[in-house]
S.K.: 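Quick one: this structure, given as structure tokens, is what I'll be asking you about.
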Amino acid sequence: MHIPAARTAQHHAVRAIAARGLTHPLTQAHLAVAVLTAAAAWDAGHRVTDIHPPLARRGKS
């Protein structure tokens with residue numbers, strides 16, 4: 001549950017950056033959610049590579 005939420009939050013943050021820029025308040029809100037969900041995944045025992053798999057593993061679930 002933590003990993004999909006973290007990936008989704010990061011995806012939304014990147015889209016907000018692309019659409020509105022880094023300093024836009026909505027972008028800042030998306031970035032905050034991405035940070036919190038990534039921290040929750042970390043606290044649940046997941047590694048960073050669980051959220052960001054190496055390029056060779058992407059798409060192979």
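Everything numeric in this text was worked out from a predicted model, so none of it was measured.
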S.K.: For residues 9-19, which residue pairs qualify under side chain to side chain donor-acceptor pair (under 3.5 Å), counting only residues two or more places apart or in two chains?
M.R.: Gln10-His52
S.K.: Check side-chain contact (heavy atoms from CB on, under 4.5 Å) between Ala41 and all other residues, then give those that pass, not counting sequence neighbours.
M.R.: His2, Ile3, His46, Ile51
S.K.: So how far is it from Leu22 CG to Leu31 CG, rounded to the nearest 0.5 Å?
M.R.: 6.5 Å
S.K.: What pairs meet the side chain to side chain donor-acceptor pair (under 3.5 Å) rule with one or both residues in residues 18-43, with sequence neighbours excluded?
M.R.: none
S.K.: Might you point out which heavy atoms bring Ala9 and Ala34 nearest each other, and give the distance in Å?
M.R.: CB-CA, 3.7 Å
